[in-house]
Visitor: 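Below is a structure I'd like to ask you about.
Residue numbers begin at 1 in each chain, while the letters A, B, ... track the order of the sequences. Being a predicted model, the structure only gives us computed values, none of them experimental.
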Protein chains: 2
Amino acid sequence: MADEPGVGSASVDSRAGAALAGTLEATPPSGLPVGPALPTISGSGAPTLEDVARVAGVSRATVSRVVNGQRRVAADIQAVVREAIATTGYVPNLAARSLVTRRTGAVIVVVSGAEEQGSPSTIDFADPFFGRVVGGMLRALRPRDVDPVLMLAETDSDRARVISSLRNGNADGALVVSTRGDDPMPGLLVEAGLPAVVFARPGRPIPLSFVDVANRDGARLAAEHLVARGCRHVAAISGPLDVPSAQDRLSGFQDAMARHGQAFVPTVGGNFTYESGVAAMTSLLAEYGDLDGVFASNDLMALGAIEALQASGRRVPDDVRVIGFDDSSVGAVSRPALTSVRQPIEEMAAEMARILLDTIADPGRRVTSTIFEPTLRIRDSA
Amino acid sequence: MADEPGVGSASVDSRAGAALAGTLEATPPSGLPVGPALPTISGSGAPTLEDVARVAGVSRATVSRVVNGQRRVAADIQAVVREAIATTGYVPNLAARSLVTRRTGAVIVVVSGAEEQGSPSTIDFADPFFGRVVGGMLRALRPRDVDPVLMLAETDSDRARVISSLRNGNADGALVVSTRGDDPMPGLLVEAGLPAVVFARPGRPIPLSFVDVANRDGARLAAEHLVARGCRHVAAISGPLDVPSAQDRLSGFQDAMARHGQAFVPTVGGNFTYESGVAAMTSLLAEYGDLDGVFASNDLMALGAIEALQASGRRVPDDVRVIGFDDSSVGAVSRPALTSVRQPIEEMAAEMARILLDTIADPGRRVTSTIFEPTLRIRDSA
DNA sequence: CCAGTCTCGGAGAGCGCTCTCGCCGAATTC
DNA sequence: GAATTCGGCGAGAGCGCTCTCCGAGACTGG
């Protein structure tokens, strides 16, 4: 730590600086500490429309028209105005604009999770899924000059905060990513009549647009691959069956296997974690020792299954083939690399963003669902 | 026209009712009184301060004071106002507020990456690092009622957009996470005199607060662990040396090894990817066949090194011990599970947020750097 | 050549909020 | 009890922007 950079003063804290938390003056009951409003003619802050108008020798309205391309403005005046904008370094104040337009140019990305029971959170930000979704949205939002505002929704009060943010135009709509099947968030959004799109089909039918992957097709792909590789005794590790996607993946897999001659598929439920994959595989093995193929409803459980398989002395894929679902990045670096059903998360997220933006632009837009086709990412485990 | 102005006076009540019920109120007949300057009773939706004031029988100012806890307001009046707020379902319009306070209650999280060369992006949203950082920030931001707005900064125009967003109060400050050493973003922020905090020490000294991990200490931890496990011929796989952290990790490791008797540490550079880890290890093996320990500057490269090691017939950790850096989630599920230097990313991110918020509240605040101590996460690979 | 039509810039009214200022009534003082 | 202080509420002025309405000038047609 002798190599402190030459930045003025460095207060080096080895642990999270609890001391810092107290240095701020007592915050008022609610809201941020607010400073006095300066008389602000134009000397202190950023240039305003007014300033540009003065420099250009036109009215505010004209400048506004040029900035927004609203109505036709004579070419020469337009040039003068643009010149003035450049020299003043003017940038529109979005607060003022949204105050009158009632558009914010922002949407809320709601990461909706855990019940407020004992556990701190079911939301795992370290899950690459999260980043991929956000990244996908970003790609679609940015060209339309819309920014995502991140909000967590774990408790009722979190959800209320999301709703009220939306209700008074803090943002124009919501993109919801739930980590549970019975998430109340979509319902609240519909009730409030707010523009929103959710990732994955909601637990109960609800008039809300969503984007999803054809889970049954993905499971079928896995089944067919296993069968094609010669598997004859196949088992499944499912996710929590109150989650629609887990349900679909399981039933899709079972149906496909039935079509290929294996009417009964031994199944054990997990909860999408690595540990539950280990446990599920272990109990599967105890009862069905001659398994030669396993389909897990996500990659983490598939990895757990492989662990359990190897612990029992079986080789993957030689003795037992394993397929996961998600094509997550952990599957790519694991050994053996995981064969997995790939859902195009980024594209799905981008589509969510597009649908939401359309809905915001045209509130009368019909509720739609867009289903993406999964593909099989074949690696080493099957 | 019949039902418009005549019954207009009752509109407050009906609005309050609609707000309470949360029902979808049919939009008022549009077309008739839209254009002319109405006294603005029943606008588009949410109740305003004005409405609350009317219901409570006080002035706007008083309601505002109650909402913001600004000045002392008589207890009974306060009760009446709160009551009115509840019945109307009032929530402050942040655009209006920020227009006068010049505070937005939002900060920009800038994910700053790639030069605008050929490649689409160096930003990998699937990297769990990203989510962990955002999650950590969220935890610190939420209690202070501040929301993060996500922005990418890959091109100059992206960066300009961030700067101007900040300049006209679209957000109060920036939390910057760079994926490269020579990121221009921090410099631009400083130039513009905008509140910002960056993750990891910037490439060049710059008067900007940052949060970092003691990279040298982490590398020392790795070195000492390897030595303690009996390694005598140790190599290193470093990251790009223009990235300060990669530089520190390497030199810290070399110094520590020197103190323990190994003056020369064979080193090959990588670029933080899995593939580069494979390549680096392979070339290391070609020249130094008797290696018994490897330190990689991040987990992905460590995993790549293990792959190359195993491909060459060596066992990990029996023949060669491998330590990574980051304690990323991929390391936990890989086999063998990766021993790694852990940096408390979430806490670091939370601290960034806290520093930024303090800086915003007190612009005169000194530039600080907070260095967190890494720990060693011992698993199976070393 | 004049009425009619069209084009385009300016004036001005707010959007919902905060905050300064002034005023009133109650508490305090001598 | 009158003068003074002071706490606390209301009035009102904007914050920077958009947008409607209006009017002046340019153009068209008969």
Visitor: Return whichever of A:Ser59 or B:Ala95 has its heavy-atom-nearest nucleotide of DNA chain C closer to the 5' end.
Guide: A:Ser59

Visitor: Between atom CD in A:Glu50 and atom P in D:dC17, what is the gap in whole Å?
Guide: 9 Å

Visitor: Out of D:dT18, C:dT18, C:dG9, which nucleotide sits closest to the side chain of A:Thr101?
Guide: D:dT18

Visitor: In whole Å, what is the span from the CZ atom of A:Arg60 to the P atom of D:dG16?
Guide: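 Checked: the CZ to P distance equals 11 Å.
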
Visitor: For A:Arg354, does the CZ atom have more than 12 heavy-atom neighbours from other residues, nucleotides or ligands under 6.0 Å away?
Guide: yes

Visitor: To the nearest angstrom, how far is A:Leu49 atom CG from D:dT18 atom P?
Guide: 6 Å

Visitor: Which one, C:dC17, D:dG16, D:dT18, comes nearest to the side chain of B:Arg102?
Guide: D:dG16

Visitor: The criterion is ring-ring contact (aromatic ring centres under 6.0 Å, His included); which residues satisfy it with A:Tyr90, sequence neighbours excluded?
Guide: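 Counting only residues at least two positions away or on another chain, A:Tyr90 forms no ring-ring contact (aromatic ring centres under 6.0 Å, His included).
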
Visitor: What residues, two or more places apart in sequence or in another chain, satisfy side chain to side chain donor-acceptor pair (under 3.5 Å) together with A:Ser209?
Guide: none

Visitor: Looking only at side-chain N and O atoms, does B:Ser64 come under 4.0 Å of OP1 or OP2 in C:dT18?
Guide: yes

Visitor: Rounded to whole angstroms, how far apart are CZ on A:Arg65 and C1' on D:dC17?
Guide: 13 Å

Visitor: From D:dG16, D:dA13, D:dG10, pick the nucleotide closest to the side chain of A:Leu99?
Guide: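 Ranking D:dG16, D:dA13, D:dG10 by closest atom to the A:Leu99 side chain puts D:dG16 first.
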
Visitor: Against A:Thr104, only a single residue in A:Asp147, A:Asn170, A:Asp172 fulfils side-chain hydrogen bond (donor to acceptor under 3.5 Å, both in side chains); can you say which?
Guide: A:Asp172

Visitor: May I ask you to say what B:Ala74 touches in the nucleic acid, namely base, sugar-phosphate or nothing, with a heavy-atom cut-off under 4.0 Å?
Guide: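 If one applies the 4.0 Å heavy-atom cut-off, B:Ala74 turns out to touch the sugar-phosphate alone, with no base involved.
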
Visitor: If you find the nucleotide of DNA chain D closest to B:Thr62 and the one closest to B:Ala96, which residue's nucleotide is nearer the 5' end?
Guide: B:Thr62

Visitor: Would you kindly give the CG-to-C1' distance between B:Asn93 and C:dT18, to the nearest whole Å?
Guide: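 So the two atoms are 13 Å apart, to the nearest Å.
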
Visitor: Answer with base, sugar-phosphate or nothing: what part of the nucleic acid does B:Ile77 contact at a heavy-atom distance below 4.0 Å?
Guide: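 Answer is sugar-phosphate: B:Ile77 comes under 4.0 Å of backbone atoms only.
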
Visitor: Grab the CG-P distance between B:Asn68 and D:dG8 for me, whole Å please.
Guide: 17 Å

Visitor: Looking just at side-chain N and O atoms, do A:Asp51 and A:Thr88 make a donor-acceptor pair shorter than 3.5 Å?
Guide: no

Visitor: Whole-Å distance between D:dC17 P and A:Asp51 CG?
Guide: 9 Å

Visitor: With respect to the side chain of A:Thr48, which nucleotide from D:dC17, D:dG10, C:dG10 is positioned closest?
Guide: D:dC17

Visitor: Round to a whole Å and report the spacing from CZ of B:Arg103 to C1' of D:dC15.
Guide: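 So the two atoms are 15 Å apart, to the nearest Å.
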
Visitor: From the list C:dG16, C:dG10, D:dC9, which nucleotide is the closest neighbour of the side chain of B:Val100?
Guide: C:dG16

